[in-house]
Amino acid sequence: MLYREAGQFHTSYTSDRQLFPLKQDRIGMVIMLLVAFVAIPLLSSDYWLSAILIPWLILALVALGQNILMGYAGQLSLGSAGFMAAGAFACYNLILRVPDIPFLLAVLLSGLIAACIGILFGLPSLRIRGLYLAVATLASQFFIVWALDKFGWFKNYDPAGVISAQQIVMFGHTFASPAEKYLVVLSIVAVLTLLAKNMARGSTGRAWRAVRDMDVAAEVMGLSLLRTKLQAFAISSFYCGVGGALFAFAYLQTVEPSAFNIELSFRILFMVIIGGIGTILGSFLGAGFILLMPVFLNILFHAVAGHAVDATILSALEQIIFGALIIIFLIVEPLGLARIWQLAKERLRLWPFPH
Amino acid sequence: MINRIVRLIWLGISAALIALPLHAEEQYFGIPSSRVGPYSAMGTGYYGGIIDYLTYVNLKGGVNGVKLTWSECETEYNAARTVECYQRLLNKGNQKMVVFDTLGTPGAYAVIGRMAQDQVVLAQYGYGRTDAADGTVWPWVFNAAGHYWGQIGVKLAFMAQKEGGIPKMRGKKIVHLHIDTAYGREPLPAMRQFAKDWGFTLIEIAIAPPGLEQQSQWLQIRQERPDWVTFWGAGSGMNSTAITTAARVGFPREKMIYVTFGGAEEDMLPAGDAAKGTYVSANAVPGDFPLIADIRKVVYGAGKGNMQNKERVGTVYYNRGVGAAIMWIEALKNAQAIHNKKGKAVTGPEFRDGYEALDMSEAKLKELGVLGMLAPFKLSCAKHDGAEKWRMMQWDGKKFQLVSDWVNPPNQALIRSMIEESAAKYAKENNLTPRSCPPSS
């Protein structure tokens, strides 16, 4: 009833090809952005902002980067946390060594540095595919983290190797409170998500998908495999790099190589798979699931069974339930959480008269 | 089974309901435990010890009548989860957390920058950021009693004693075999300085976490033929693997010294007979001290113990947890006394003052029933690391035998100057003005 496209006619190509062709989607988007930019910073507690929303947005951005590479361009990669580390350390060194650099510029440059490294590690994709490529990209994960540990210059010769991240300073203002940090993160994530959505539906995205579905056919049609694949690697690593810089500066507030270990790479991979391969929305849903479900279970268990059940059993139980939920979701909807949302939307279009 | 679960849930809900209307004065604590994953042996023992002591104090009538409450949060020994837990535990009802103890260097580093702003004490009990011992730069961070630089100093002194004096250390070869994390590297600055001063060769060998495969490192050690190995591992898997691999390459365990976070019963037992002879440094030693025996009687007698396996009461990690909780409670007592709030809850800044006033003299330790279990120490405005005393133990195949009394690291002035230098560097990088402390302290 509410969610119908009847009566909405597109009379020009521009209106037909706009980002959200449905009026309801546009209204929904505006409301969501208003809530995200205005209501949440005003109403949320510091805990929600700094422990839930900020990491969720950042990891969603990284998952988006992984999704571009894996979901759209079909290049299975396991190095996303490595690129995050590259971005985080690039940002640290830029702020440290370039006087008065605005945070935003530092973050963008860190993304570009990560993108350059991404291109380098994307080179094997020209010769190998699938699981073999995944194993080859593992090298980036280990090499980057190893190099950051090995060469003291990256860490400004800090003996412990865990560096406190500098303050976020832009336009002479220090973004210190959780709400301010949240707004910085949200703005960057919103802009980059919009860009990703545009790329995914435009010629860039079509080229990626052509390569994903059959690279020989794509090449026959005149697509340059070299360009398309490396472009996907570069853009994906850019997103991961920006995400890594934000993760270190806006969330952890420390810069440390071991925060970006292989485990994080796997978690990002799971976010994409659970959320929905090759969807923008899926990156956000998947990040939410993988990041927030354990937290939610932990809170729930302690609230319900706090002192009655042994805490060690509770902690183990959380992990078991979390694992079981992943399996259940993959059985119920192998195409991910984004697909569930899509199905719900289709139902909504017909509701309340399904026939 | 389902009936049982339903019953447990009901029990939880009704317990929560009963707990609500109580309006006695309460002091809230946040407990960021790590009960799963490779470091679970450490987390269950340590946080079990803390919770048992809090329960014990409650059963004895609280701190001047103030009952202790706490919330637990699972960090999985992961820095990102620790930040989440920190934020979650920070506020509870109308009370704010006063002290945070991550039992791990990664977690401590992840939250260390938030302490001054949130006015929470970061209690690093023998771990974490060493230069926090300089209270002028780090008013909110403590590493009582002792830190990694002091610990490595005590170990080197122990070696020197075995070798027949510091001059005999010249030309010796020591391998620092460590997990490749900030925690593993933390003692290195002090070690390098000692190597220069004493004239021994220091070889640093890193093991990538989680460190369950150490064959190549130990082959390298066999090639180098060092006189001693200081092992800096984490997690019982890694720690017992080191022993078994050392046994395989034929390196004598009597020449291996383990770090506090790898030297517990749970780390030695999996290695079996191979572990015999391994040395460990400790900031809380295992055993049935009067307080531990009383906890067993009072807390476990009432069926309120936190440890699943009662046998672990009195082991290294458990006693260390009790030691940590003792400092919290003594700090709380001090805070109440200093700020004239006997029988009332205290705030973060008040608790901080109480913590800084900790004076764990031998008489005090005796009164608490932990003389010998913990090192005597005293904190001050500038000195946030206490006495830095450590005790050496040796595994005899079944349990730890104490092989030394509480000893100070050699050349404390040197360590202190390194701490102040490092803290000053931090203060400069972060535009902090160190506070001034009265000269007497």
A.B. asks: Do E72(B) and L314(A) have side chains that approach each other closer than 4.5 Å (heavy atoms only, starting at C-beta)?
C.D. replies: no
A.B. asks: May I ask you to list the residues in residues 32-41 of chain B that approach chain A closer than 4.5 angstrom, counting heavy atoms only, ordered by number?
C.D. replies: R35(B), V36(B)
A.B. asks: Grab the two heavy atoms, one from S164(A) and one from Y426(B), that are nearest each other, plus how far apart they are.
C.D. replies: OG-CE1, 3.5 Å
A.B. asks: Using a 4.5 Å heavy-atom cutoff, which residues in residues 83-95 of chain B come close to chain A?
C.D. replies: V83(B), E84(B), Q87(B), R88(B)
A.B. asks: Name the option with the most non-hydrogen atom pairs under 4.5 Å to chain B; the candidates are L96(A), T254(A), N298(A).
C.D. replies: N298(A)
A.B. asks: How would you list, in number order, the residues of residues 317-326 of chain A that have a heavy atom less than 4.5 Å from chain B?
C.D. replies: E318(A), Q319(A)
A.B. asks: Would you say that more than 12 heavy atoms from the other residues, nucleotides or ligands in this model lie under 6.0 Å from the CZ of F143(A), or not?
C.D. replies: no
A.B. asks: Is E204(B) atom CD crowded by more than 12 heavy atoms from other residues, nucleotides or ligands, each under 6.0 Å away?
C.D. replies: yes
A.B. asks: For D180(B), is it the side chain, the backbone, both, or neither that has a heavy atom closer than 4.5 Å to a heavy atom of chain A?
C.D. replies: both
A.B. asks: So which of R114(B), Q117(B), R129(B) has the largest heavy-atom pair count under 4.5 angstrom toward chain A?
C.D. replies: R114(B)
A.B. asks: Using non-hydrogen atoms and a 4.5 Å limit, figure out which bit of F247(A) sits close to chain B: side chain, backbone, both or neither.
C.D. replies: side chain
A.B. asks: Given that the side chain runs from C-beta out, which part of P178(A) has a heavy atom under 4.5 Å from chain B: side chain, backbone, both or neither?
C.D. replies: neither
A.B. asks: Could you state the interatomic distance from CD1 (I313(A)) to CD (Q308(B)), rounded to the nearest 0.5 Å?
C.D. replies: 4.5 Å
A.B. asks: Once rounded to the nearest 0.5 Å, what's the spacing between atom CD1 of I112(B) and atom CD of Q253(A)?
C.D. replies: 12.0 Å
A.B. asks: Which pair of heavy atoms, one from K425(B) and one from N156(A), lies closest together, and at what distance?
C.D. replies: NZ-O, 4.1 Å
A.B. asks: At what distance, to the nearest 0.5 angstrom, does CG of N261(A) lie from CG of N78(B)?
C.D. replies: 8.0 Å
A.B. asks: For atom NZ of K67(B), is the number of surrounding heavy atoms from other residues, nucleotides or ligands below 6.0 Å larger than 12?
C.D. replies: yes
A.B. asks: By the side chain to side chain donor-acceptor pair (under 3.5 Å) test, which pairs, at least two apart or in different chains, include something from residues 287-296 of chain A?
C.D. replies: none
A.B. asks: Non-hydrogen atoms of chain B under 4.5 Å away: do they reach the side chain of A316(A), the backbone, both or neither?
C.D. replies: both
A.B. asks: Count the heavy atoms of every other residue, nucleotide or ligand shown that sit under 6.0 Å from CD of Q167(A), and state whether that count exceeds 12.
C.D. replies: no
